[in-house]
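So that we are looking at the same thing, I have put the structure below in structure tokens.
We're numbering straight along the sequence, starting at 1.
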Amino acid sequence: MTKPQRNKRPGEPIKAAAKAPAPKPIDRRAISITASSEEQKYEVIASTLTRPEIGAAAVIEAWSPDTHDVNVLATELAAQVKAVNLGDMQRAEGILISQAQALDAIFVNLMRRSVNQTNAAHWEMYMRMGMKAQSQCRATLQALGEMKNPRPVAFVKQANINNGGHQQVNNGVAAGDPERSAPAREIQFEQSKLLEGVGNGSTYMDAGATGATAGSNQVLEAVGAVHRPQKPRRQNDG
């Protein structure tokens with residue numbers, strides 16, 4: 001049996017039908033984590049915050065807010081980090097050459113603006129800033145060149161030589177020296193043969209074989225006449 005509908009009274013407001021609650025908007029600036037327990041939550045937070053791609057995503061979000069989803073951005077950055085770990089340096093090289101071009105554009109703009117300055121302080125300011133941009137451009141191109149053509153690395157052994165208390169330390173030569181970068185010869189220093197019992201750990205000097213015992217009060221042979229000095233005779237000797 002249905003309940004009869006009551007007739008509306010004159011001037012009575014019409015009640016609106018109840019609406020479902022609106023879904024909570026997704027915060028695209030927050031990093032999402034998944035933890036199975038309350039104790040694991042803090043471990044997951046610490047592990048997430050120390051990931052390099054999360055830090056980079058937070059910086060990009062601060063400089064370009066409300067333009068992307070920070071979680072999608074972090075996923076893309078993680079893929080780029082993995083590519084570099086596998087040896088793919090194409091994106092890194094692209095970043096360097098792009099930054100060098102941007103710095104060169106800044107240098108040209110500042111140089112052109114410095115020409116129109118009539119105040120010496122303003123002219124110096126633009127020139128100084130322009131030269132800084134030029135220096136950074138040069139450093140960026142240098143880093144790109146070293147990435148494409150790494151410098152050779154030389155591994156040289158260290159030799160410590162101690163002769164008579166004067167110690168000499170040879171640490172090798174600088175890498176890339178064409179005159180001195182030849183392979184070093186290994187010099188073997190033999191122990192002195194005068195050391196007695198080196199194999200037994202002794203370091204006493206051997207004076208040689210034992211000589212025959214010499215007798216005392218030996219009779220010396222008279223010196224021959226040929227070796228005697230000629231003495232002048234006295235006048236009173238007759």
Side-chain angles (χ1 to χ4, degrees), residues 23-35 41-156 171-181:
K24 185 178 180 180
I26 301 176
D27 188 0
R28 300 186 182 276
R29 299 173 300 175
I31 299 294
S32 60
I33 61 172
T34 303
K41 180 179 69 174
Y42 298 102
E43 297 180 1
V44 175
I45 292 176
S47 176
T48 302
L49 292 178
T50 53
R51 287 163 52 190
E53 60 270 16
I54 298 299
V59 173
I60 296 176
E61 170 62 28
W63 283 92
S64 303
D66 302 328
T67 58
H68 53 270
D69 190 325
V70 69
N71 292 281
V72 178
L73 178 61
T75 302
E76 175 61 24
L77 292 173
Q80 297 177 12
V81 171
K82 183 178 180 180
V84 173
N85 293 336
L86 295 176
D88 185 3
M89 301 296 294
Q90 293 183 0
R91 180 170 178 80
E93 295 172 357
I95 290 175
L96 289 177
I97 189 61
S98 300
Q99 291 178 352
Q101 292 173 350
L103 289 168
D104 182 63
I106 296 174
F107 164 74
V108 173
N109 181 271
L110 291 172
M111 290 296 102
R112 294 181 61 184
R113 296 179 66 178
S114 66
V115 175
N116 299 325
Q117 302 302 318
T118 57
N119 189 306
H122 294 171
W123 176 86
E124 183 180 1
M125 178 187 66
Y126 281 111
M127 289 292 295
R128 186 184 299 110
M129 294 173 61
M131 295 309 298
K132 286 184 178 180
Q134 187 272 343
S135 178
Q136 292 298 322
C137 178
R138 178 197 55 78
T140 304
L141 292 175
Q142 182 179 0
L144 178 60
E146 293 180 356
M147 183 181 298
K148 297 288 291 185
N149 301 302
R151 296 182 180 180
V153 180
F155 298 93
V156 183
N171 290 323
V173 298
D177 192 345
E179 298 181 357
R180 304 180 58 190
S181 59

>> Would you say that H68 contacts I60 through its side chain, given a criterion of any heavy-atom pair below 4.5 Å between the two side chains?
In response: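 In contact.
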
>> Please give me the minimum heavy-atom distance between S114 and Y126, naming the atom from each residue.
In response: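 Nearest heavy atoms, S114 then Y126: CB-CB, 3.5 Å.
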
> Backbone N or O of M131 within a donor-acceptor pair of the S135 side chain at under 3.5 Å?
Replying inline: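 No: the side chain of S135 does not pair with the backbone of M131.
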
>> Tell me the closest heavy-atom pair linking T140 and L96, and the distance in Å.
In response: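 The answer is CG2-O, 3.2 Å.
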
> Measuring from R113:CZ to M125:CE, what's the distance to the nearest 0.5 Å?
Replying inline: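 Answer rounded to 0.5 Å: 8.0 Å.
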
> Is T50 reaching over with its side chain to a backbone N or O of S47, donor-acceptor style, under 3.5 angstrom?
Replying inline: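 Between the backbone of S47 and the side chain of T50 there is a qualifying donor-acceptor contact (under 3.5 Å).
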
> For atom CE of M129, is the number of surrounding heavy atoms from other residues, nucleotides or ligands below 6.0 Å larger than 12?
Replying inline: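 Atom CE in M129 is not crowded, with 12 or fewer foreign heavy atoms closer than 6.0 Å.
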
Would you mind writing out the side-chain donor-acceptor pairs for residues 73-90 within the sub-3.5 Å range, not counting sequence neighbours?
unit_1: T75; atom_1: OG1; unit_2: N71; atom_2: O; d: 3.0
unit_1: E76; atom_1: OE2; unit_2: Q80; atom_2: NE2; d: 3.2
unit_1: Q80; atom_1: OE1; unit_2: R91; atom_2: NE; d: 2.6
unit_1: N85; atom_1: ND2; unit_2: V81; atom_2: O; d: 3.3
unit_1: D88; atom_1: OD1; unit_2: Q90; atom_2: N; d: 3.2

> Say you draw a straight line from CZ of R112 to CZ of F107; how long is it, rounded to the nearest 0.5 Å?
Replying inline: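 The CZ atom of F107 is 12.5 Å from CZ of R112, to the nearest 0.5 Å.
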
> Roughly how far apart are I97 CD1 and M147 CE, rounded to 0.5 Å?
Replying inline: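 The distance works out to 11.5 Å.
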
>> Under a 3.5 Å cutoff, is there a donor and acceptor pairing between the side chains of R138 and Q142?
In response: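 Q142 and R138 do have a side-chain donor-acceptor pair below 3.5 Å.
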
> Do Q136 and K132 have side chains that get closer than 4.5 Å, going by heavy atoms?
Replying inline: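 When only atoms from C-beta onward are counted, K132 and Q136 do not touch, as no gap falls below 4.5 Å.
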
> Which distance, rounded to the nearest 0.5 Å, do you find between the CD of Q134 and the CD1 of I106?
Replying inline: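 The CD1 atom of I106 is 12.5 Å from CD of Q134, to the nearest 0.5 Å.
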
> To the nearest 0.5 Å, what is the distance between CG (D69) and CZ (R29)?
Replying inline: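 Those atoms lie 12.0 Å apart.
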
> Do the non-hydrogen side-chain atoms of V44 and K41 ever get within less than 4.5 Å of each other?
Replying inline: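 Contact flag for V44/K41 side chains = no.
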
> Considering only heavy atoms from C-beta outward, does the side chain of V70 approach that of R28 to under 4.5 Å?
Replying inline: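 Sidechains of R28 and V70: no contact.
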
>> So, taking the atom named CD in E43 and the one named CD1 in I33, what distance separates them when rounded to the nearest 0.5 Å?
In response: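 That separation rounds to 11.5 Å.
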
>> Are E124 and Q117 packed together at the side-chain level, in the sense that at least one heavy-atom pair is separated by less than 4.5 angstrom?
In response: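 Side-chain contact under 4.5 Å: no.
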
